[in-house]
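For reference, the structure is listed below as structure tokens.
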Amino acid sequence: MPELPEVETTRRGIETHLTGVRVAEVIVRRHDLRQPVSKDLSTIEGRRFTAVRRRSKYLLLETDDAGTLLIHLGMSGSLRVVFPSDPWKLHDHVGITLDNGRQIRFHDPRRFGLVLRLTGDPMRHPLLKKLGPEPLEDAFTAGYLQSACAKRSAAIKGVIMDAKVVVGVGNIYASEALFRAGILPRTQARRISKVRLTRLVAASREVLTDAIQEGGTTLRDFLNSDGEPGYFKQRLFVYERKGQPCRVCATPIRHAVIGQRSTYWCPKCQK
DNA sequence: ACTGGCTCCTGAGGGC
DNA sequence: TGCCCTCAGGAGCCAG
């Protein structure tokens, strides 16, 4: 489910409920996520959350003296702000009760997500230390992308989805960014000129920024922390629009599986 | 160092 | 209604 805009939407939604608030109780109903939920999560009981950050598609819930909770939503995960008395839904796996009368509920049907407690510098954790730059920060430049693409014969779409190159660009926004940049998704990365990579950097930033503005994309089941969908689906140019007219030139949108992932493009607007 | 393929898991939707 | 098949927003791991 969630790509960077959806994770950022979630971060913003929980931040105000968490920051400065003390943890009353941690309830773990299922431990068997992608990695087992940390056995010692209850260590944060009685501690305060000091900040809610995001790195790539990971959420980092920092505490004052019990490390950082690292949460990843996988394909189907979400965090909701609820009341402790609200009934637990199927696939609600973790609840963090706060002393302000709310509870954060981690829900994840497919269980590809993560809930880990890290101690020390979280950026040195194996899951985080090899990540590429944030697409909305200054380090993601055309020059940087050009060097990352220089020796890669793989399709550009897969390269921009590679978290070692740049984080946060998932399957929806990779197709959307390539459309906005006018680049065919199968193009070999090393064959793309710097001018076109400059456009791709700008397009990636724009599509992610626009999607955050709309609260993310809800295709099937993404809900923000208040249980509301995102509205960016209406702004998608190509994703899940196979056979429908291009919003720019009316040519039917094409679809193929590229690198095991569903991919969409306009054969006229993209070269 | 890259590449493509496979895997984890559950649920939704389509075809018959 | 039910059954079977395909597909899904992530990303780590593997062999070649």
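Since the model is a prediction, treat every value here as computed from it, not as a measurement. Each chain gets a letter, A, B and so on, in the order the sequences are listed, and its residues count up from 1.
At the phosphate of B/dC9, neither OP1 nor OP2 sits under 4.0 Å from any side-chain N or O atom of A/H91. OP1 or OP2 of C/dA11 sits under 4.0 Å from a side-chain N or O of A/H72.
A/L236 comes within 4.0 angstrom of no nucleic acid atom, judged by non-hydrogen atoms across all strands. Among the atoms of the strands shown, only primed sugar atoms or phosphate atoms (P, OP1, OP2) are found under 4.0 Å from some heavy atom of A/R152. The residue A/Y58 sits close only to the backbone: its heavy atoms come under 4.0 Å of sugar-phosphate atoms, none of a base. Note on A/Y173: nothing from the nucleic acid sits closer than 4.0 angstrom, heavy atoms only.
Minimum atom distance to the side chain of A/A154 is reached by B/dG4, of the listed C/dG10, B/dG4, C/dG12. When distances are taken from the side chain of A/R34 to each of B/dT10, C/dA11, B/dT3, the shortest belongs to C/dA11. The side chain of A/L127 lies closest to C/dG12, out of C/dG12, C/dG9, C/dG10. Each of B/dC6, C/dG9, B/dG11 was ranked by its minimum atom distance to the side chain of A/Y239; first place goes to C/dG9. With B/dT10, B/dG11, C/dG10 as the choices, the nucleotide that has an atom nearest any side-chain atom of A/R111 turns out to be B/dT10. Nearest nucleotide to the side chain of A/R110, out of C/dG12, C/dG9, C/dA8: C/dA8. Closest to the side chain of A/P109, from the set C/dG9, B/dG5, B/dG11, is B/dG11. When the nucleotides C/dA11, B/dC9, B/dT3 are ranked by their closest atom to the side chain of A/K57, C/dA11 comes out on top.
Checking A/Q103 against A/T97 by side-chain atom types alone, a donor-acceptor pair falls below 3.5 Å. For the 3.5 Å distance criterion, the side chains of A/K157 and A/S175 fail to qualify, holding no donor opposite an acceptor.
A/R235 has no carboxylate O lying under 4.0 Å from a charged side-chain N of A/E176, or vice versa, which leaves the two without a salt bridge. A salt bridge between A/R180 and A/D210 is present, with a side-chain N of the basic residue lying under 4.0 Å from a carboxylate O of the acidic one.
For A/R220 and C/dG9, a side-chain-to-base donor-acceptor distance below 3.5 Å is present, hydrogens and geometry of angles not being considered. Side-chain N/O atoms of A/E6 and base N/O atoms of C/dG9 include no donor-acceptor pair closer than 3.5 Å.
Ring orientation note: the planes of A/F179 and A/F237 are close to parallel, at an angle under 30° on the 30°/60° scale.
Remark: C/dG16 base-pairs with B/dC2; criterion is Watson-Crick or G-U wobble with both hydrogen-bond distances under 3.5 Å. C/dG9: no Watson-Crick or G-U partner with both key distances under 3.5 Å is found in any strand.
Per the geometry, CD1 belonging to A/I160 stands 12 Å off P belonging to C/dG10, to the nearest Å. As rounded to whole Å, 10 Å separates atom P of C/dA11 from atom CG of A/L4.
Applying the 5.5 angstrom centroid cut-off and the 30 degree plane-angle cut-off, the aromatic ring of A/F112 is not stacked upon the base of B/dC9.
Of the possible polar contacts, none joining the A/R205 side chain to the A/T209 backbone as a donor-acceptor pair under 3.5 Å is found.
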